[in-house]
Each structure stands twice: as C-alpha cells, then as structure tokens.
J.: 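Have a look at this one before I ask anything.
Just so you know, these numbers use all the heavy atoms, side chains as well, and skip hydrogens, waters and symmetry mates.
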Amino acid sequence: MGLVSDKVWSELAFAPELSGLTKDEVRLRVGETASYFGLRDLFDRHVETLSGGEKQLLSLAAAAAGDPVLLLLDEPTSMLDPIAAARFLDTLERMRRDLGVTVLLAEHRFSSLYPLADRVLALENGRVIADGTPGDAAKTLSASPLFGGFPPEIRLWSALGCPGKCPASIADGRALLTKTNLPAPTPTDGPTGSESLLSAENLTFYFEKNAPPAVTDVTLDVKAGRHLCILGGNGAGKTTLLRLLAGLLPPTAGKLRLFGKPYKAYKRGALYKEGVALLPQDPSALFLKSTVLEDLTDVLPGKKEGKETAARSAAEKAGLTGLLARHPLDLSGGECQRAALLKILLTKPRVLLLDEPTKGLDAEGKRALRETVRRLTDEGKAVVTVTHDVEFAAAAADECAFLFRGEILSRSAPADFFAKNRFYTPAVSRLAPGYLTVEALAAALREGGQTP
C-alpha cells in the first residue's frame with residue numbers, strides 16, 4: 001500500500017511536506033484530509049495497529065493530501081467493506097465534481113463505481129478491447145469473461161436484449177424488472193457437514209490489557225465439507241479471528257480444538273502446519289525464494305526432481321505455468337493471489353483459511369476460486385473465508401457470519417443471512433430481493449420466457 005510513516009497523522013503530512021508547504025499549511029491540509037476521509041478517530045494511531053482496510057483508506061487519503069489534479073488509483077476498494085467502499089466512492093465523486101480532480105481508476109470490483117464513470121476502457125493481454133461510454137462498453141463486452149464483474153442491472157439489461165438506454169443505477173434495473181413476471185426465488189438446501197474439524201469455544205483476544213478486546217467470546221464450529229464466509233466492517237476483528245483459528249496468535253481466553261484435540265498457537269510466521277493453512281491478506285508473505293517454482297517445490301516432500309515435476313504439473317492444472325520462472329515480487333496482485341493459493345494447497349490442508357482471497361481477481365478469477373473452494377469442500381475439507389466481497393460470499397458460501405467489534409452477531413445460510421441485512425447484501429438482492437446471484441436471476445427470467 002506504500003505507507004511510509006509510523007503514525008496516521010504523519011502519513012497524511014508526508015505529501016504536503018514534500019510539496020514545500022509551511023508548517024501551518026501542512027497542519028491545515030492534514031486536518032482537512034482527515035475530516036474529509038473520516039479518519040479523525042484513527043488520527044493518533046500507529047499504522048501497524050490498523051486493519052488492512054483501514055490501511056487502504058489511509059493510503060488513499062495520503063495520496064489525496066498532495067492536492068493532485070490527476071488521481072491514479074489501483075484497486076482502491078479492494079480492502080474496504082461495502083459501507084467504507086461506498087463512502088470512499090462518494091468522496092471521489094465529490095472531489096471530481098467539486099474540486100475538478102480527474103480520476104483514473106483500475107479496478108476489478110467495479111459494480112459500485114461503474115455508474116460513476118464517464119468513460120470505460122477494458123484491457124485484455126495489454127490491448128484495449130473496449131473504449132467508450134459505460135453503455136457502449138457494456139454492449140462490446142457482453143460476451144467477454146469481464147462481463148461477469150459488471151453491475152447486475154447492466155447484466156440484466158443485456159440479458160433482456162439491451163432495451164432502451166443502459167441502466168445507470170439499481171433503480172433503473174428495477175424499472176426493467178417491472179416489465180417482467182419474475183418468479184420468487186426457489187430456496188436451496190446447502191450441504192450438511194457433520195465432522196467438526198476446527199472449533200473455538202468462548203474465544204477472546206486482547207492486543208493490550210487495557211484496550212477493548214479484538215475478539216470477544218467467539219464460539220465457532222468449522223465442519224468438514226462446509227465453506228463459511230465471515231463478513232464485517234474494517235477493524236471488526238476478522239483477520240485477528242482468522243489468525244487465532246490458524247494458530248498464529250495465542251487466545252487470551254477460550255479454547256481451540258483441531259481435529260478433536262486441543263490446539264495451541266504456533267510460532268509467528270507458521271502459515272501452514274498440521275493440516276491447517278492460511279492465505280494471508282498480503283499473499284507475498286508466503287514467498288521466500290527467487291522464483292515461483294522454487295517456492296512451490298519448497299513445500300513438497302521428496303527429492304528435488306520429483307518435487308519440480310509435481311510443482312509444474314500443479315501449476316499447469318491451475319493455469320500458472322507462465323509464472324514459474326518469475327520472481328514472486330514481480331507478480332501482479334491477482335497473479336500473486338493465485339500463486340500463493342496454489343502453494344498452500346500443495347500442503348494438502350484439511351482446513352483452509354482465506355483472508356480476502358478475491359483481492360486482485362477479475363470475474364473469471366473469482367469464478368475459478370469458487371470452483372476450487374467447491375472442489376475442496378466436496379472432498380470433505382473445510383474452508384473459512386474472511387471477505388468484504390459480498391457477491392463472492394453470496395455465490396460461494398454454505399454459511400455466512402457477521403462480525404462486529406470482535407463478536408459474531410449472526411450466522412446462517414446465505415439466503416437467510418442476506419435477507420436480514422440491509423447494507424451487507426449483494427447488489428443483485430437490491431435489484432431483485434431474494435436472489436443472490438445474477439446467474440440465478442437470469443435463469444429465472446429465461447425459464448419464464450422473459451429473455452430473448
């Protein structure tokens with residue numbers, strides 16, 4: 001994220017100081033920026049104590065503090081919860097409208113920001129394959145794998161044969177649906193896992209004695225053949241809970257059991273041991289060698305020649321052969337995610353813990369990840385995912401849980417979970433209540449003879 005200072009306030013002051021502003025001008029710029037981005041409560045915090053999403057927001061605010069006329073943003077919402085992402089996009093729109101800032105933004109999660117765009121460029125293998133208004137780009141890309149990441153109202157518009165003007169909001173999409181006879185969604189029963197692989201009882205964790213707990217009295221049972229997605233706001237304690245489940249942090253109170261036996265914390269840095277593997281928020285932390293191939297062979301048993309053969313075979317199946325000779329730090333965000341996931345899967349974990357695994361992935365990458373997770377659960381493994389990507393959770397999870405201030409407030413099957421929520425819901429549910437994916441909505445329309 002490019003953070004260079006130890007405190008939030010000093011990070012915000014970095015760009016103004018480099019611009020040669022006076023001390024009073026710097027203080028004013030920092031104060032304005034902190035207020036504008038809602039960072040007042042974090043102002044005196046150490047950067048290392050911030051959650052991943054809070055660091056992302058700080059990085060964005062620090063860039064804006066330099067008073068740019070052109071703002072270049074690379075996946076700025078990837079670590080933000082839905083509410084924080086919406087707030088940030090609103091702020092960007094105000095900056096563009098009120099301050100005349102030009103925004104050039106690269107993003108895979110563009111469902112929320114697409115309606116704000118004046119111009120859309122789509123790249124494939126380094127080439128521009130679409131360039132135009134949002135409506136023109138949608139028509140051009142309707143057959144592309146990229147179309148899976150488009151807002152649900154635009155995908156609905158495409159499924160209906162692109163009648164009239166391209167919808168620019170959920171309200172426009174609802175207007176399209178009023179012209180159809182959309183049936184109520186059919187409830188589906190999820191898998192019923194039985195064997196408990198990992199359990200937590202009254203799990204509590206404090207970073208500091210006099211500070212509020214980061215995790216509070218969490219009782220959780222992770223069963224074989226199930227995929228649990230944990231959602232919640234930035235700083236809710238999701239990553240801390242995942243690290244407790246991974247054995248990277250010792251609980252302050254409570255008990256952990258792994259495969260029916262007491263589970264103690266490992267030493268720091270052990271991201272895969274005894275049948276449990278963690279894909280961390282920063283996947284580059286998993287790489288220790290000079291090439292991806294060396295890193296993959298490093299976790300395999302046996303002699304060097306046999307390990308290399310196995311690593312190459314696994315990379316070929318995952319579509320990563322072209323990355324094997326690359327240095328891990330030279331990979332793009334999405335490539336790093338995929339290579340890191342392959343590395344921990346080679347350790348053959350029975351419990352897989354994923355921290356923001358869709359970060360950096362396009363629609364096709366998310367589809368492949370869903371298939372991988374389903375294959376693992378079909379084999380009787382358990383997967384726990386921490387994510388801000390509600391669309392991924394709605395499409396991939398068997399259960400969803402909501403974490404607030406370190407406490408689990410609800411846990412249920414996706415249909416029931418998202419029906420109770422107002423803000424943490426997939427966009428398609430706001431378009432057509434009860435539906436969790438655009439694919440299910442489009443299928444219902446086809447079955448009713450509503451699409452061409």
J.: Taking atom CG of Asp41 as the centre, report whether more than 12 heavy atoms of other residues, nucleotides or ligands fall under 6.0 Å from it.
T.: no
J.: Check this for me: does any side-chain nitrogen of one of Asp295 and Lys343 sit under 4.0 Å from a carboxylate oxygen of the other?
T.: yes
J.: Find out whether His388 and Lys359 are in side-chain contact, i.e. whether some heavy atom of one side chain is under 4.5 Å from a heavy atom of the other.
T.: no
J.: Looking only at side chains, do Thr425 and Arg430 share a donor and an acceptor under 3.5 Å apart?
T.: yes
J.: Would you say the side chains of Thr358 and Asp389 form a donor-acceptor pair under 3.5 Å?
T.: yes
J.: Would Tyr424 and Phe402 satisfy ring-ring contact (aromatic ring centres under 6.0 Å, His included), going step by step from the backbone distance to the final call?
T.: CA-CA 9 Å; Tyr424 284 81; Phe402 188 81; 5.0 Å; yes
J.: Taking all atoms of both residues into account, what is the closest heavy-atom pair of Leu256 and Pro251, and its distance?
T.: CD1-CG, 4.1 Å
J.: Keeping Glu208 on the side-chain end and Pro213 on the backbone end, is there a donor-acceptor pair under 3.5 Å?
T.: no
J.: Could you tell me whether the side chains of Arg374 and Thr377 share a donor-acceptor contact shorter than 3.5 Å?
T.: yes
J.: Do Glu356 and Lys238 meet the salt-bridge criterion of a basic N to acidic O distance under 4.0 Å?
T.: no
J.: For Ala13 versus Pro16, what's the shortest heavy-atom pair and its separation?
T.: O-CD, 3.3 Å
J.: When you compare the side chain of Leu92 with that of Leu105, does any pair of heavy atoms fall below 4.5 Å?
T.: yes
J.: So does Glu48 get a backbone contact from the side chain of His46, meaning a donor-acceptor N/O pair under 3.5 Å?
T.: no
J.: Using a strict threshold of under 4.0 Å (side-chain N to carboxylate O), is an ion pair present between Arg174 and Glu153?
T.: no
J.: Given side chains that start at C-beta, do those of Leu57 and Lys55 come closer than 4.5 Å, heavy atoms only?
T.: no
J.: Please report the closest heavy-atom contact between Ala138 and Phe147, naming both atoms and the distance.
T.: O-CE1, 3.6 Å
J.: Under a 4.5 Å cut-off applied to non-hydrogen side-chain atoms, are Leu50 and Leu58 in contact?
T.: yes
J.: So, Arg411 and Asp221, do they make that salt bridge, N to O below 4.0 Å?
T.: no
J.: If we ignore angles and hydrogens, is there a donor and acceptor under 3.5 Å between the side chains of Ser412 and Glu399?
T.: no
J.: Are side-chain heavy atoms of Leu296 and Leu342 found at a separation under 4.5 Å?
T.: yes
J.: Would Arg367 and Glu371 pass as an ion pair if we require N to O under 4.0 Å?
T.: yes
J.: Between Leu353 and Val276, is the side chain to side chain contact (heavy atoms under 4.5 Å, CB included) condition met? List the steps.
T.: CA-CA 8 Å; Leu353 307 173; Val276 179; 3.9 Å; yes
J.: Can you find a heavy atom in the side chain of Leu352 that is under 4.5 Å from one in the side chain of Leu376?
T.: yes
J.: If you compare all heavy atoms of Ala340 against all heavy atoms of Pro283, which two are closest, and at what distance to 0.1 Å?
T.: CB-CB, 3.6 Å
J.: Specify the closest pair of heavy atoms between Leu431 and Gly173, including all atoms of both residues, with the distance to one decimal.
T.: CD1-C, 3.3 Å
J.: Can Arg94 be said to sit on top of Tyr36's aromatic six-ring, NZ or CZ under 6.0 Å from centre and within 45° of the ring axis?
T.: yes
J.: State, yes or no, whether a side-chain contact exists between Tyr206 and Pro212 at a heavy-atom distance under 4.5 Å.
T.: no
J.: Is the shortest distance from a Lys or Arg side-chain nitrogen in Asp131 or Arg119 to a carboxylate oxygen in the other one below 4.0 Å?
T.: yes
J.: Testing the basics here: between Pro426 and Ala394, what is the closest heavy-atom pair and its distance to 0.1 Å?
T.: CG-CB, 3.8 Å
J.: Which label fits Phe392 and His227: parallel for a plane angle under 30°, tilted from 30 to 60°, or perpendicular past 60°?
T.: perpendicular
J.: Do the side chain of Arg338 and the main chain of Ala318 share a donor and acceptor less than 3.5 angstrom apart?
T.: yes
J.: As an exercise, state the distance from CG of Asp355 to CG of Leu279, rounded to the nearest 0.5 Å.
T.: 7.5 Å
J.: Is it true that atom CZ of Phe404 has more than 12 heavy atoms of other residues, nucleotides or ligands lying nearer than 6.0 Å?
T.: no
J.: How about Ile154 and Tyr114: do any of their side-chain heavy atoms sit closer than 4.5 Å?
T.: yes
